[in-house]
Each structure stands twice: as C-alpha cells, then as structure tokens.
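To start, the structure under review is shown below, and the notes come after it.
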Number of protein chains: 2
Amino acid sequence: MQKHSNKRRTTILDVAKKAGVSKTTVSRYLGKQYDELAADTRKKIEAAIEALDYKPNRMAAGLKGGRSYLIGMVVADITNPFTTKILHAAETLCRNKGYSLMVCNTNNDPQVERDYIFMLQSHRIDGLIINTTGKNNQFLTQMAEQKTSVVLVDRKIPELGFDSIGVDNITATEEAVQFLISKNYESIAFFSEPIDGVSTRRERLSAFQSVLAMHGNSSMQHVYEADFSQTLDLEDKLDHFLKSTKGKKRAIFSANGVVSLGLIKAMKKRGLVIPDDMAIIGFDDPDWAEIHTPALTTISQPTTAIGRTVIERVFKRIEGDTAPPKDIVLPAELLVRHSTI
Amino acid sequence: MQKHSNKRRTTILDVAKKAGVSKTTVSRYLGKQYDELAADTRKKIEAAIEALDYKPNRMAAGLKGGRSYLIGMVVADITNPFTTKILHAAETLCRNKGYSLMVCNTNNDPQVERDYIFMLQSHRIDGLIINTTGKNNQFLTQMAEQKTSVVLVDRKIPELGFDSIGVDNITATEEAVQFLISKNYESIAFFSEPIDGVSTRRERLSAFQSVLAMHGNSSMQHVYEADFSQTLDLEDKLDHFLKSTKGKKRAIFSANGVVSLGLIKAMKKRGLVIPDDMAIIGFDDPDWAEIHTPALTTISQPTTAIGRTVIERVFKRIEGDTAPPKDIVLPAELLVRHSTI
DNA sequence: TTGTAAGCGTTATCAG
DNA sequence: CTGATAACGCTTACAA
C-alpha cells in the first residue's frame with residue numbers, strides 16, 4: 001500500500017525559518033550565488049536543508065524564473081539503436097548540467113509530432129532537440145520565437161535557421177557506392193523508407209544516383225522506397241529487384257539499419273545467400289552487424305559524438321548564443337566487412 | 001539566427017479578456033469542466049485561444065494544482081532493446097493521457113539513480129516508473145510518501161510495497177534449462193552480469209540451479225558473473241568454461257540479451273561454431289536473434305505488454321487507487337530456434 | 001453559469 | 001551581505 005502522507009511539503013520558507021534567515025537568502029543559496037553569502041549563513045542554510053530534507057520546487061522556480069530545466073527530445077523511432085545511442089549520450093550530458101530530458105517518439109507521424117510540440121511548449125521546455133518529420137516547420141519556428149532553443153538532429157531544414165547536427169551523407173554514400181562499383185556489381189539497388197522530403201534520405205539517394213550516373217548505364221540503378229507500415233511491401237520490392245536483375249551480380253545499398261534488418265529477414269526467408277546471391281551494404285552500424293554471418297559491411301555514424309554535439313549546441317543557445325545557425329556535419333565511416341565481396 | 005522575441009507570452013488573462021469572460025471561466029474550460037460552461041461561452045473561449053495561439057503554462061498549473069503531468073522513467077540501460085521496447089509502449093500511452101515522460105538512464109549506478117530521484121522530485125513528477133538498482137530504497141519510499149506513485153518494472157523489491165511488473169523468470173528459466181537437459185547437454189553454464197541483489201538475475205540463477213540440482217550431478221553446472229565494465233572479463237570467463245569442460249556437450253544459458261551479444265562476439269572471435277561447439281539459449285529476444293546464423297533460441301519477454309501494464313498501474317495510482325500493491329507477473333515465451341540442437 | 005480573490009513556492013527588485 | 005515585497009500564471013474555494 002502506498003501511503004501518501006498529507007503533511008505539507010517543506011518549502012523554502014521552512015528552510016529559511018530553521019536557518020534563521022529570509023527566503024531571499026535561501027533562494028540565493030539555491031541559485032548558487034555563493035559570493036553574496038556569508039560563509040556562516042551558507043552553513044546554516046545547508047544544515048537546515050539537510051535537516052528538513054528540503055527539495056526545491058522546480059515548477060515554482062520555473063514559473064518565476066522563466067527556466068524549466070527541461071529539454072525536449074523528439075525522435076522518430078525510439079526503438080532504433082541509432083536513436084538510442086544518441087539519446088544515451090545526450091541524456092548523460094543533460095544530467096550533468098542539471099537538466100532533464102523529456103523523450104517523445106513520433107513514429108514519423110506529423111500529427112503526433114505536432115501534439116508533442118504543443119505539449120512540450122506547455123511545459124515551457126528550455127530547449128528542443130528534434131529529428132523532425134519536416135511537416136511542422138511553422139510550429140517549430142513559433143517555438144523558437146518563444147524562447148526555446150531548437151536544434152535539429154539527423155535531418156535538417158535549412159530554411160528554418162536552426163542549428164543542425166548530422167553526418168556527411170553525401171560523402172559516405174558516394175564512398176559506399178564507389179566501393180560497390182569497384183567490386184564490379186552490375187545491378188545496385190537503393191532501399192529506403194519513403195523519401196518524403198526527409199533530408200537524410202534525400203541526400204543518400206541523390207548521392208547514390210549521381211555516383212551511378214557517372215559510372216554505369218542507367219539500367220544498373222534500382223530505387224525502392226518501401227512502406228514499412230505494410231508488412232509485405234518490402235518483400236514485394238525485394239522480389240521485384242530479384243526478378244528484374246536475373247543473372248546479374250547484385251548488391252543492395254540500404255538507407256538505414258531498420259531497412260537492413262528487414263531486408264536481411266526477407267532474404268533469409270527466401271534462402272538467399274549473402275553476399276553470393278546478393279551483397280548488402282547498409283547505413284548505420286547496429287550491434288548485430290558484426291556478429292551477423294557474414295558480418296555486415298556498414299556505414300557507421302558517430303552516434304555518441306552526435307549526441308554530445310547536439311546537447312552542446314542547445315546549451316550554447318540556452319545560454320544566449322545568438323551566432324548564426326551552425327550546420328554541423330560529422331564524418332561517417334565505411335566499415336568493410338563480409339556482406340560484400 | 002534564432003530570434004527570441006521578448007513580447008510577453010500570452011496568458012490565461014489575455015484569453016479571458018479577448019473572450020470577454022473571467023480567468024476562472026477560461027480555467028474551467030482548460031480543465032475540461034465543460035458541463036459548467038454555457039455552450040456560447042465555450043465557443044468564445046475556444047475562438048480566443050485559437051486567435052491568440054494560447055498555450056497554457058503547465059508549470060503554473062502544476063504549482064497551484066499539485067499535478068505536474070510528468071512521469072519519470074528511470075531505466076538501467078536505455079541502449080538495451082528490451083528497455084527500449086517497454087519505453088516505446090509506455091511513451092505512447094503517456095501521450096494519450098496528456099502526460100510526458102522524463103527518461104533517465106542510470107547505467108545501474110546507484111549514485112546516478114539517486115541523483116535522478118532527487119532531480120525528478122524537484123520536478124514534482126506525478127509518477128515514477130523505475131528499473132531500480134535496489135540501492136536507493138529509502139529514497140523511493142520517501143518519494144511515495146510525498147505523493148509520487150511509484151511502480152517497479154522488471155526488478156522487484158517486495159519490502160517496499162510498490163506495484164511491480166515483470167515476467168515469470170522462474171518458470172521461463174526452468175523451461176529453458178529443462179529443454180537443454182532434454183537435449184542431453186552435459187555441461188551447462190549460466191552467464192550473467194553481476195547478480196548483486198537484482199531480483200531478475202537472482203530469480204533466473206536460482207531457477208537454473210534448482211533445475212540442474214534435480215537432474216544432474218553438480219559438475220554439470222557452471223555459474224559465471226561477468227563484469228561488463230572490464231572488456232575482457234566475459235571472454236576470460238568463457239575461456240574458463242571452455243577449458244573446464246573439454247569433450248563435453250556444452251550449452252550456455254545467457255541471462256539477458258546484452259550478455260548474449262557479448263558471448264556471441266566472443267565465440268565468433270574464437271571460431272567457435274554454434275551449436276556444434278557450444279549451444280546458447282538466451283533471455284530476451286532482440287531483433288537480431290532471428291536473423292543470426294544459426295537463429296537464436298531465446299526467451300521472449302512481452303515487452304509491449306509490460307510497458308502498457310506499467311503505465312496503467314501508475315495511472316491507477318495517480319488517480320487515487322489505494323489497493324494493496326500488485327505484483328504483476330507476465331509469462332515469457334521460449335522460442336526454440338537453432339542455436340540449440 | 002460565472003466572477004472575485006487568495007494562494008501555490010519560487011525569484012527579482014529594491015532598499016537597507 | 002541580507003530582507004521585504006511584488007510578481008510569475010494558474011486553480012480553487014467562496015460568492016453571486
């Protein structure tokens with residue numbers, strides 16, 4: 001049985017009384033304005049806080065002080081290891097700064113994203129880190145106008161004038177596709193979730209296309225956008241690729257880790273052998289890439305660095321930096337393993 | 001460049017004026033006490049809110065009303081797919097209820113956990129969902145005394161009197177070990193992170209031991225607690241198992257998905273073939289279990305159900321349910337695949 | 001059905 | 001260095 005005692009929670013006033021000083025003085029202590037406090041008073045306050053087990057009320061502080069110590073983190077898929085690793089890094093730094101993270105998962109649904117934006121606004125978050133669907137630009141702009149610092153992760157939207165952090169998708173994709181070409185693959189497919197204006201996907205696709213345009217004939221190139229909400233769509237598209245490239249040396253460039261997983265499941269189901277029947281190279285480097293048989297050739301994103309950088313940017317903004325928006329581009333790394341020959 | 005206009009944010013008073021009613025009336029509208037409102041007034045308020053793009057301030061509401069609409073979720077490893085799936089389910093339900101989730105990752109560090117508990121207390125969270133280290137019981141009790149509803153996930157601590165949600169570790173482990181015995185494995189190892197009082201680990205270990213005690217001779221049973229903070233500890237222990245069971249038909253029972261991953265990496269590094277050189281069966285059913293070669297035999301936990309149930313419990317408590325604590329035990333499922341012969 | 005007024009627990013302003 | 005006192009934006013008796 002949970003007992004909720006109903007004695008009033010102890011407030012700053014209780015502490016003040018116990019320490020024999022005024023609320024104001026205690027508030028100064030809480031605000032770490034130690035230089036304005038006599039060492040002696042400070043000790044008394046410390047003792048009182050300890051004795052009363054006082055926990056300051058952030059809602060009250062926020063109401064008056066205009067700071068919530070809350071950061072919103074809106075992600076598209078919290079189940080994706082890529083997301084999770086960024087989150088992990090971000091979360092640690094937040095804690096060190098005394099901030100808390102409110103995590104929101106949108107499933108790439110613009111309506112859900114919008115609901116979250118409003119909800120976060122109601123909590124008066126100080127900063128917002130968002131992996132956006134790109135369909136709520138207007139609301140993001142509004143947020144920024146109302147004192148929350150917005151930083152984009154992974155996907156960028158230049159018009160918005162926000163800081164953004166991501167990897168160099170163009171270079172990484174070019175490198176991967178060139179690698180495939182150098183291995184004499186004759187038919188190369190690009191598999192992705194629907195591009196739908198998502199910058200990351202668009203960049204990867206266009207790099208894919210431009211490299212192939214330079215090197216091969218157009219029949220070499222196959223682009224598939226699979227709808228993951230329909231169970232069989234990915235498989236159908238894989239079958240299509242299979243049928244239309246009989247006898248060719250085939251490879252797939254997978255636009256992210258989730259797609260890779262789906263693809264591999266489908267291949268396994270069809271008894272396809274990697275890399276003999278079909279090679280695969282994928283963006284993102286999930287834990288299992290290394291233990292898969294054969295080990296997966298991947299493009300690894302510096303997730304920890306992304307997470308750190310993102311948080312650093314938000315805090316810079318929260319602390320008042322008004323420099324022009326930074327578009328931070330980190331390098332991704334091609335890890336050649338054995339799913340490509 | 002982020003422009004932060006400094007015009008005062010619009011408040012409930014602005015809405016009241018615009019609608020030609022009082023703050024109170026608007027507040028009633030916000031509190032969805034529609035039956036106390038004339039249809040006409042309600043429309044005027046709606047219009048005013050729309051026109052002014054008013055966003056209620058939860059901090060102010062919370063300060064007065066004693067509800068923060070915040071739920072804290074403290075997990076041990078946000079990078080673990082098991083965690084992430086629960087989180088996903090929990091998060092969705094929270095949104096539907098108008099609550100937000102503050103996610104905190106402890107890395108199983110009691111000090112970090114404590115810091116988070118305090119931080120969450122400062123935000124006056126209405127509910128706490130925690131996968132606890134078990135080393136901060138005193139503080140959890142305090143929280144409950146101060147009107148925060150606490151629910152334990154995965155790991156339980158009966159003395160505390162909180163609701164808890166988890167799977168039937170005993171039965172699931174027994175089933176798995178019996179399965180191994182039925183396949184005539186001669187040496188069976190239990191690999192886990194340090195037991196250290198964590199209920200889940202303790203339950204799995206004791207079920208493992210009791211089944212083997214009934215069936216085999218004591219030399220059949222090997223227990224290893226690996227320290228994952230030391231890179232080579234797991235590998236050393238694997239080598240020890242290997243050396244001490246030469247010529248035997250060997251199997252490993254892995255206590256969770258992270259351990260399984262580490263184990264498989266180590267085996268791969270040593271050129272060990274699963275299941276010929278060594279079988280493996282593991283708690284948790286990560287995405288990659290199915291595509292691994294050979295596909296992994298696992299014990300799958302109903303993560304989505306766990307997430308849903310956890311949230312349901314917290315809300316019940318938040319809404320004032322004072323029934324005795326429920327210890328909810330969900331079934332886990334043995335998925336026999338091919339890492340065991 | 002609606003309004004008045006008194007807080008909720010802080011911080012900020014201004015004196016001392 | 002310290003202390004009154006007025007906000008902050010909302011909810012909730014209590015009235016009307």
Side-chain angles (χ1 to χ4, degrees), chain A residues 6-45 48-49 52-70 98 121-126 146-147, chain B residues 6-45 48-49 52-70 98 121-126 146-147:
Chain A
N6 34 6
K7 70 170 183 294
R8 205 176 47 77
R9 263 180 162 277
T10 103
T11 78
I12 201 175
L13 195 62
D14 302 319
V15 176
K17 275 183 195 145
K18 179 115 186 170
V21 298
S22 74
K23 296 196 305 176
T24 311
T25 307
V26 178
S27 178
R28 288 205 183 87
Y29 171 83
L30 296 174
K32 299 195 200 305
Q33 309 171 27
Y34 300 135
D35 41 339
E36 300 178 15
L37 287 184
D40 173 50
T41 352
R42 179 173 165 178
K43 283 211 184 87
K44 282 189 295 186
I45 296 177
I49 288 183
L52 298 175
D53 187 35
Y54 166 70
K55 298 284 182 320
N57 183 331
R58 279 257 161 98
M59 292 196 292
L63 180 56
K64 181 66 197 167
R67 245 183 185 20
S68 61
Y69 288 92
L70 253 22
Q121 262 181 302
S122 275
H123 284 285
R124 299 294 189 266
I125 55 171
D126 294 335
Q146 292 172 359
K147 305 193 25 120
Chain B
N6 34 6
K7 70 168 182 299
R8 204 176 48 77
R9 260 177 164 280
T10 104
T11 77
I12 201 175
L13 196 61
D14 302 318
V15 176
K17 276 183 195 145
K18 178 115 186 169
V21 298
S22 75
K23 294 198 307 178
T24 312
T25 308
V26 179
S27 177
R28 289 205 182 89
Y29 172 82
L30 295 173
K32 298 195 202 303
Q33 309 170 28
Y34 300 135
D35 42 338
E36 300 179 15
L37 287 183
D40 171 53
T41 349
R42 180 172 165 181
K43 283 208 184 91
K44 282 190 296 188
I45 296 177
I49 289 183
L52 298 175
D53 188 36
Y54 167 69
K55 298 284 183 318
N57 183 331
R58 279 261 161 95
M59 293 196 292
L63 181 55
K64 181 65 196 169
R67 244 181 184 24
S68 61
Y69 287 91
L70 253 22
Q121 263 182 302
S122 275
H123 284 286
R124 300 294 188 265
I125 56 171
D126 295 334
Q146 292 171 358
K147 304 196 20 123

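What you are looking at is a predicted structure, and each value in this text was computed from that prediction instead of being measured. Sequence lines set the chain letters: A, B, ... in the order given, protein chains first and strands last, and positions in each chain run from 1.
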*Does OH belonging to B/Tyr54 count more than 12 external heavy atoms closer than 6.0 Å?*
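Check passes, neighbour count above 12.
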*Might you confirm whether atom NZ of B/Lys44 has over 12 heavy atoms from other residues, nucleotides or ligands at distances under 6.0 Å?*
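Counting other residues, nucleotides and ligands, NZ of B/Lys44 exceeds 12 neighbours.
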For atom [atom1] of [X] and atom [atom2] of [N], their distance in whole Å:
| X | N | atom1 | atom2 | value |
| --- | --- | --- | --- | --- |
| A/Lys23 | C/dT13 | NZ | P | 15 Å |
| A/Arg9 | C/dC8 | CZ | C1' | 13 Å |
| A/Arg67 | C/dT11 | CZ | C1' | 13 Å |
| B/Glu36 | C/dG3 | CD | C1' | 13 Å |
| B/Lys44 | C/dT1 | NZ | P | 14 Å |
| A/Lys64 | C/dG9 | NZ | P | 16 Å |

*Rounded to 10°, tell me the angle between the two end axes of the helix from C/dT1-D/dA16 to C/dG16-D/dC1, each built from five pairs.*
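End-to-end axis angle: 30°.
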By the 4.0 Å heavy-atom rule, please label [X] as base, sugar-phosphate, or nothing.
| X | answer |
| --- | --- |
| B/Asp35 | sugar-phosphate |
| A/Thr11 | sugar-phosphate |
| B/Thr24 | base |
| B/Val26 | nothing |
| A/Tyr34 | nothing |
| A/Leu13 | nothing |
| B/Tyr29 | nothing |

Would you name the heavy atoms of [X] and [Y] that are closest together and state the gap between them?
| X | Y | result |
| --- | --- | --- |
| B/Val26 | B/Ala16 | CG2-CA, 3.7 Å |
| A/His123 | A/Ser68 | O-CB, 3.7 Å |
| B/Asp14 | B/Arg9 | OD2-O, 4.0 Å |

*asked:* Distance under 4.0 Å to a non-hydrogen atom of chain B counts as contact; along DNA chain D, which nucleotides mark the start and end?
replied: D/dG9 to D/dA13
*Any side-chain heavy atom of A/Arg124 within less than 4.5 Å of one from A/Gln146?*
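Side chain of A/Arg124 against side chain of A/Gln146, heavy atoms only: no contact under 4.5 Å found.
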*Given side chains that start at C-beta, do those of A/Tyr29 and A/Ile49 come closer than 4.5 Å, heavy atoms only?*
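A/Tyr29 vs A/Ile49: side chains touch.
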*List the steps and the verdict of side-chain hydrogen bond (donor to acceptor under 3.5 Å, both in side chains) for A/Thr25 and A/Ser22.*
CA-CA 5 Å; A/Thr25 307; A/Ser22 74; 3.2 Å; yes
_Is it the case that C/dG9 (base atoms only) and A/Arg58 (side chain only) share a donor and an acceptor within less than 3.5 Å, ignoring hydrogens and angles?_
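Donor-acceptor pair under 3.5 Å: no.
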